[in-house]
Amino acid sequence: MSERSASLDERLAHALAPILDRPAVTALLAVSGGPDSTALMHAAARSGRAGFRVATVDHALRPDSAEEAVAVGRLAARLGLPHATLTWDVPRRGSRIQAEARAARYQLLADHAARIGAGLVLTAHTLDDQAETVLMRLIAGSGPSGLAGMPVERPLAPGIRLVRPFLDLPKADLVAYCEAHRLPFLRDPSNADERFARSRLRRLLPLLAEEGLSAARLGRLAARTARDDAALTQRAAIVLSEISEPDGDRLRLDGRRLCREPEAIVLRVLGTALDRIVSGFAEAVPERLERLEALAFEALLPALAEGRALRRTLRGVLIETDAQGTIRLAAAPPRGAGGRRR
């Protein structure tokens, strides 16, 4: 084994170590057959840890997708890992095909993990994927929560955690690992399809790296922003607990007390309060930050400062203030036939 190959083995083993150190639990590996997930499957098999299972999601978006899933199954069998193919067989809507495929992939993986009793789902997202995500969110105007990128770990479903152990590793390392171990892998042609924003950004990343904005720096930006975002979230939770009072399925906030907080905390408190109301009647969907900023800085805070009433709607939530500085949040009335809320 070459020194380069041994170094790659050590890096992948080190990245998997936090998983291996956990109490024994079934872990489902999401393996598409590309170099990243193939390296994940091989490194997991070499670890000697029991309880790894493999699943390939066949989105049926390409003629060869079923055959590619079979190829992953053959390699998994060689490595001694059970494999299953999960097929996405619902109607597609062309303009949002990648977003829909991503949502379907996670849902299929979560459902399969629940069936086999897996408490972990591992994906092989890399540092390059993180850099692309941060750039996409920067372009979309995201705030700290978006610029924090993908977390290493998050809840996927009740009792199931999604873990990305390779998020600090460059994709080139995983390709080199596969080549060093003579592992067959696939190259998804959609990764170079410039109809998709992520593919266009992938082409730009080398040019940005020449100017100093490398994937590593974007990854560090995500880590630093995640650290600051956690602090904001913690402080906002404390403030919200101090100024809020449940009122049935409504929420009342002390607006005058909220006005004494820094603007970043005001935004986070309002966003969290909206989440609480929305969670009672619909799936939480992040609102564009500009709309929350407009609500807070152009409407809500001026109304509180002037002691006047205000009535606004955002994300299906009715936000009202009164002359006493109380903010009330509740589910907005349903829209009438003309699109107006009744």
Side-chain angles (χ1 to χ4, degrees), residues 19 26-45 51-79 81-126 128-130 132-133 150-167 171 174-175 178 183-193 195-199 202:
I19 304 297
T26 300
L28 179 64
L29 309 175
V31 182
S32 65
D36 309 341
S37 57
T38 298
L40 172 65
M41 178 169 61
H42 186 266
F52 283 121
R53 306 280 289 272
V54 179
T56 302
V57 176
D58 177 8
H59 296 98
L61 295 175
R62 301 190 311 277
D64 298 332
S65 62
E67 188 175 322
E68 292 167 358
V70 170
V72 174
R74 284 196 296 266
L75 181 56
R78 270 177 46 196
L79 297 172
L81 300 176
H83 174 267
T85 298
L86 315 175
T87 304
W88 184 39
D89 53 6
V90 299
R92 279 77 160 157
R93 294 194 297 273
S95 62
R96 287 184 47 81
I97 191 67
Q98 281 205 324
E100 290 182 1
R102 187 178 305 110
R105 178 163 62 252
Y106 284 125
Q107 187 62 59
L108 288 166
L109 289 168
D111 292 345
H112 185 65
R115 284 194 298 272
I116 65 175
L120 299 174
V121 173
L122 273 60
T123 66
H125 289 102
T126 67
D128 300 64
D129 297 315
Q130 182 74 298
E132 293 163 10
T133 298
M150 296 180 285
V152 173
E153 183 171 340
R154 69 169 176 84
L156 180 62
I160 302 171
R161 307 284 296 178
L162 176 70
V163 185
R164 301 178 174 102
F166 291 170
L167 207 53
K171 182 183 185 72
L174 302 183
V175 173
C178 289
L183 300 173
F185 60 84
L186 308 166
R187 294 193 182 274
D188 185 348
S190 67
N191 288 336
D193 189 337
R195 290 178 300 171
F196 303 123
R198 188 175 285 271
S199 298
R202 189 171 293 129

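Only heavy atoms go into these numbers, but all of them, side chains included; no hydrogens, no water, no symmetry mates.
Looking at heavy atoms from C-beta onward, Gln130 lies out of side-chain contact with Arg164 at the 4.5 angstrom threshold. Using a 4.5 Å heavy-atom threshold, the side chains of Val175 and Arg187 count as touching. Using a 4.5 Å heavy-atom cutoff, the side chains of Arg105 and Leu109 are in contact. Looking at Glu153 and Leu162, their side chains never come closer than 4.5 Å, going by heavy atoms from C-beta outward. Contact annotation: the side chain of Leu28 never approaches that of Leu122 to less than 4.5 Å [non-hydrogen atoms, C-beta and beyond]. His125 is not listed as a side-chain neighbour of Asp36, based on a closest heavy-atom distance of 4.5 Å or more. Between Leu40 and Phe166 there is a side-chain heavy-atom pair separated by less than 4.5 Å. The side-chain heavy atoms of Glu100 and Trp88, taken from C-beta on, include a pair separated by under 4.5 Å.
Under the 3.5 Å distance criterion, the side-chain polar atoms of Asp129 are matched with a main-chain donor or acceptor of Thr126. Side chain of Thr56 to backbone of Ala69: no donor-acceptor contact under 3.5 angstrom is found. Panel note: side chain Asp128, backbone Lys171; a donor-acceptor pair is recorded below 3.5 Å.
Among all heavy-atom pairs drawn from Cys178 and Ala39, the shortest one is SG-N, 3.8 Å. When all heavy atoms are compared, the tightest approach of Ile160 to Ala113 is CD1-CB, 3.9 Å. Taking each heavy atom of Ala30 and Ser37 in turn, the nearest pair found is O-CB, 3.6 Å. Pro35 and Leu186 get closest at one heavy-atom pair: CD-O, 3.4 Å. In terms of heavy atoms, Pro184 sits closest to Thr38 at O-CG2, 3.8 Å. Looking at every heavy atom in both residues, Leu174 comes nearest to Ala124 through CD1-O, 4.5 Å.
Rounded to the nearest 0.5 Å, atoms CG (Leu156) and CD (Gln107) are 8.0 Å apart. If you take CD1 on Ile116 and CG on Asp111, they are separated by 11.5 Å, rounding to the nearest 0.5 Å.
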Evaluate Met150 against Leu167 for side-chain contact (heavy atoms from CB on, under 4.5 Å), listing each step before the verdict. CA-CA 8 Å; Met150 296 180 285; Leu167 207 53; 3.9 Å; yes
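His112 pairs in a side-chain contact (heavy atoms from CB on, under 4.5 Å) with only one of the listed residues (Thr85, Leu86, Val57), which is Leu86.
In this view, Arg53 satisfies the salt bridge (charged side-chain N to carboxylate O under 4.0 Å, His left out) rule with no residue, not counting sequence neighbours. Looking at residues two or more places apart in sequence or on another chain, you find a side chain to side chain donor-acceptor pair (under 3.5 Å) between Glu132 and Arg198, Arg202.
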